[in-house]
Every structure is written in structure tokens, then in C-alpha cells.
**Student:** 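Just dropping this structure here.
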Amino acid sequence: MRIVMSGASGFLGHHLVRRLRGEGHQVVRLVRRESRADDEARWSPARGELDPAVLDGADAVINLSGAGVGDKRWTASYKEIIRSSRVNATTTIATAMASADPHPPVLLNASAIGWYGDTGEHAVDEGSSRGKGFFPEVCESWEAATVAAANAGVRVTKLRTGLVLAASDGLLKPMLPLFRLGLGGRLGSGRQYMSWISLTDWISAVVFLLGREIAGPVNLTGPYPETNADFARALGHAVGRPAVVPVPAPALRIALGEFANEALTSQRVLPGVLTRAGYRFEHPELGPALRWALRNEETD
């Protein structure tokens, strides 16, 4: 397959590129600078610029663009960057796909389980409604920005990604140093659910979806969400240290600002579409997923 990808240099993107190329696929990476190699093509999502000719002969497009939600404090200006980086990139890609002749048949577009907001102890799947708050509203705008491609007959699959487990980046990167020092523990009450997925399952699920006629939202989460307290205990066990130092909610809000609300949000999200489609998880349970992440730390 010839696959055009945005966000290819990010945490998830570069692992996915490596897997796809290892399976013999051709990957063209969209870059915001002048292209320096045959496998790069320039675009400008902020200006809505992507030459539809870049998509000639593409069998699929994968859009993983978006500013990191935990990279900076959530000031008003950074919240706008979070929103616009996702919506502008998606709109640019969807519009170019609609203009291409012929249209690439498939768009796998990043999204997030933030769509569901705080679900408490209630389990949700792809049939559940949008939650309330800033990030659910961002996810709604993000997914809606694919409309031009969908209207052109492109199969649009919305990748509602959970917390991806890898030692080198994502959720575990800031947690591991503290837990290895014996300073880790639950956040707030610890009763909030965390919907996680191993990096290897995230990659395999995306490859699985490339080859299936599945459109609409797909939750990229493992089948067994855990509470934050149980997650902390499992991570402490994985690194061989106790996990008994809780972080009170007020202290977390002082450290992280508004983003702390996301860290304290309970999201019990199930992979209904993947399960019904027959996807088999390599790491369905948390303990083995964490041990896999730690074993592969140097190769992440």
C-alpha cells in the first residue's frame, strides 16, 4: 500500500511508520518544512495547504497531527492551539482528499477517548454520547472536520485513542522516574478509571483497521480499564517499588493547572468495535502490558 501520513515524527507516528515499512508498505510523510527526501511532502495545515497531487495513488491517509495535551499548562492560548492544531490539520487533509482524483479510499483520523468526558464508573463504548467540557468539545470539532472526505465517499475511521503505554513517551514517561524512586502513587482519590492500551496493540489495531471495512469511531483501548489506584499498584509492582505516595487533587491542580482535571477524570471506555470485529489483543491485561513496556524501553 501507498500511505500518506501526518504526524509521522510524533510518538505514535514514528512507531507506526516503522511497522508499516517493515511490512513492505510505502509511507509518505507530510512535513511542515521543505521536503528533504523522496518520502516527504510539504504541507501547511495552519494555512490549509496540501496539494491534492501529493495524494495521487495513495491507498490510505493516516492523520495523527495535533499539539500535545499535556505538554504545557492549559492557558487560554494553549487551549486554542490544542483545538486548532487538530481541526486545521484534519480539515486540510479531508479537503485535499475530496479534491484528489481519484480520492484515496481510506482516512484513518486521530481522535481521543476524551470525546466521552467523565464517565465515572459507567462503562461506555462507541455508541455512547459525547461528554461535557473542553476536551469533548474539541473531539467533536476534530472528528467533524473529516466531513469533506466522508462526503466524497472516503471511508473515514476515527481513532479514539486511550492512554498508550510505552516507557519512552506518553503516559509512562513522566511517571516512571517517580515510581522507580518509590515516590509513585495514586492521583487524587484513585477511584477514577484509566482506559489504557499497550503501544504494540495500538499499532496492531491501526494496521488491522487499514485492512477492514470499518468506518466511524473506534476506541483504541484495552478491554479492561483499571482504576488509577490499581494502575499505580500495578506500575509499582512492575518496577519493584512500593506505590504508596498519593498526590492529593489540590496539589495536582497547583502543579498542572486546568489539565489536572483531565488527569482526575474517570474514563471507563471499552473497545466495542475492535472486539466485535475480531481483533485479538496481545496485551489484554495491565500487568503484562506494563512489563512489556519496560522490557522494550531501550527500543521505543
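Excluded from the calculations below are hydrogen atoms, water molecules and symmetry mates; all remaining heavy atoms, backbone and side chain alike, are included. The first residue of the sequence shown is numbered 1, and numbering continues consecutively from there.
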**Student:** Hey, does Leu220 have a side-chain heavy atom less than 4.5 Å from the side chain of Leu209?
**Tutor:**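 Counting from C-beta outward, Leu209 and Leu220 do come under 4.5 Å.
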
**Student:** For residues 231-247, tabulate all N or O donor-acceptor pairs below 3.5 Å that involve a side-chain atom, not counting sequence neighbours.
**Tutor:**
unit_1 : atom_1 : unit_2 : atom_2 : d
Arg233 : NH2    : Asp230 : OD1    : 2.2
Arg241 : NE     : Arg180 : O      : 3.3
Arg241 : NH2    : Leu181 : O      : 3.2

**Student:** Can you run down the side chain to side chain donor-acceptor pair (under 3.5 Å) pairs that involve residues 43-53, sequence neighbours left out, and say none if there aren't any?
**Tutor:**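 As it turns out, the side chain to side chain donor-acceptor pair (under 3.5 Å) pairs with a partner in residues 43-53, which skip direct neighbours, are Arg47-Glu49.
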
**Student:** What residue among Thr91, Val156, Asn151 forms side chain to side chain contact (heavy atoms under 4.5 Å, CB included) with Thr146?
**Tutor:**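 When side chain to side chain contact (heavy atoms under 4.5 Å, CB included) is applied between Thr146 and each of Thr91, Val156, Asn151, only Val156 qualifies.
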
**Student:** Can you name the closest pair of heavy atoms from Glu126 and Asn219 and give their distance?
**Tutor:**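 So the two residues come closest at OE2-N, 2.7 Å.
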
**Student:** Kindly work out whether a path of hydrophobic side-chain contacts (I/L/V/M/F/W/Y, heavy atoms less than 4.5 Å apart) joins Leu159 to Met5.
**Tutor:**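 Yes, Leu159 and Met5 fall within the same hydrophobic cluster.
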
**Student:** Can you name the one residue among Leu199, Val206, Asp201 that meets side chain to side chain contact (heavy atoms under 4.5 Å, CB included) with Ile203?
**Tutor:**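 The residue from Leu199, Val206, Asp201 that satisfies side chain to side chain contact (heavy atoms under 4.5 Å, CB included) with Ile203 turns out to be Leu199.
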
**Student:** Are Val61 and Ile93 packed together at the side-chain level, in the sense that at least one heavy-atom pair is separated by less than 4.5 angstrom?
**Tutor:**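 The answer is yes, as the side chains (C-beta and beyond) meet within the 4.5 Å cut-off.
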
**Student:** Tell me whether the count of non-hydrogen atoms from other residues, nucleotides or ligands lying under 6.0 Å of CD in Glu23 goes above 12.
**Tutor:**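 Result for CD/Glu23: enclosed.
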
**Student:** Under a single-linkage definition using a 4.5 Å side-chain heavy-atom cutoff for Ile, Leu, Val, Met, Phe, Trp and Tyr, are Trp142 and Ile113 assigned to the same hydrophobic cluster?
**Tutor:**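 Different hydrophobic clusters.
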
**Student:** Is it the case that one hydrophobic cluster holds both Leu294 and Met175, taking links as side-chain heavy atoms less than 4.5 Å apart, direct or via other members?
**Tutor:**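 Per the 4.5 Å side-chain linkage, Leu294 and Met175 are co-clustered.
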
**Student:** Can you check whether Val106 reaches Asp59 side chain to side chain, under 4.5 Å on heavy atoms?
**Tutor:**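 No, too far: nothing below the 4.5 Å cut-off.
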
**Student:** Give a yes or no on whether a salt bridge exists between Arg2 and Asp56, defined as a side-chain N under 4.0 angstrom from a carboxylate O.
**Tutor:**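 Salt bridge: no.
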
**Student:** For Gly114 versus Cys139, what's the shortest heavy-atom pair and its separation?
**Tutor:**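 Result for this residue pair: C-SG, 3.9 Å.
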
**Student:** Hey, is the main chain of Ile214 close enough, under 3.5 Å, to the side chain of Thr157 for a donor-acceptor pair?
**Tutor:**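 Yes, the answer is positive, given that a donor and an acceptor are paired below the 3.5 Å cut-off.
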
**Student:** With no hydrogens and no angle check, just 3.5 Å: does a side-chain donor-acceptor pair link Ser111 and Glu143?
**Tutor:**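 Indeed, the side chains of Ser111 and Glu143 share at least one donor-acceptor pair under 3.5 Å.
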
**Student:** Can you tell me how the ring of Trp74 sits relative to the ring of Phe135, calling it parallel under 30°, perpendicular over 60° and tilted otherwise?
**Tutor:**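 Correct class here is tilted.
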
**Student:** Should Val218 and Leu107 be regarded as members of a common hydrophobic cluster, given that ILVMFWY residues are connected when their side-chain heavy atoms come within less than 4.5 Å of each other, either directly or indirectly?
**Tutor:**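 No.
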
**Student:** Below 4.5 Å, heavy atoms only, C-beta onward: do Arg42 and Glu34 meet side chain to side chain?
**Tutor:**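 Heavy-atom side-chain distance check passes, below 4.5 Å.
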
**Student:** Strictly below 4.0 Å, N to O, side chains only: are Arg33 and Glu40 in salt-bridge contact?
**Tutor:**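 Between Glu40 and Arg33 there is a salt bridge, with a charged N closer than 4.0 Å to a carboxylate O.
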
**Student:** In terms of side-chain heavy atoms, does Ser6 have a donor or acceptor partner in Ser65 at a distance below 3.5 Å?
**Tutor:**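 Yes, because at least one side-chain N or O of Ser6 sits under 3.5 Å from a partner of the opposite role on Ser65.
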
**Student:** Report whether Met97 and Val147 are members of the same hydrophobic cluster (ILVMFWY, side-chain heavy atoms less than 4.5 Å apart, transitive linking).
**Tutor:**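 No: no chain of side-chain contacts under 4.5 Å links Met97 to Val147.
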
**Student:** Does a donor on one side chain and an acceptor on the other come within less than 3.5 Å for Arg160 and Tyr116?
**Tutor:**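 Side-chain D/A pair, Arg160 to Tyr116: present.
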
**Student:** Would you list the pairs meeting ring pair (Phe, Tyr, Trp, His ring centres under 6.0 Å) in which at least one residue belongs to residues 180-219, sequence neighbours left out?
**Tutor:**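 Applying ring pair (Phe, Tyr, Trp, His ring centres under 6.0 Å) to every pair that reaches into residues 180-219, excluding sequence neighbours, yields Phe208-Tyr279.
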
**Student:** Going by atom types only, do Asp118 and Ser266 share a side-chain donor-acceptor pair under 3.5 Å?
**Tutor:**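 The answer is no; no qualifying pair exists.
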
**Student:** Quick check on Arg191: does its CZ atom have over 12 non-hydrogen neighbours (other residues, nucleotides or ligands) under 6.0 Å away?
**Tutor:**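 At most 12 heavy atoms, drawn from other residues, nucleotides or ligands, come within 6.0 Å of this atom.
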
**Student:** Side chain of Thr95, backbone of Thr92: donor and acceptor closer than 3.5 Å?
**Tutor:**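 Not confirmed, Thr95 side chain does not pair with Thr92 backbone.
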
**Student:** Which pair of heavy atoms, one from Ala60 and one from Met1, lies closest together, and at what distance?
**Tutor:**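 Closest pair (atom of Ala60, atom of Met1, distance): CB-CE, 4.0 Å.
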
**Student:** Establish, from distance only, whether the side-chain atoms of Ser198 and Thr200 form a donor-acceptor pair under 3.5 Å.
**Tutor:**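 Checked: Ser198/Thr200 side chains show no N/O donor-acceptor pair below 3.5 Å.
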
**Student:** Checking side-chain polar atoms at under 3.5 Å, does Ser204 have a donor or acceptor matched by the opposite partner on Arg19?
**Tutor:**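 Indeed, the side chains of Ser204 and Arg19 share at least one donor-acceptor pair under 3.5 Å.
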
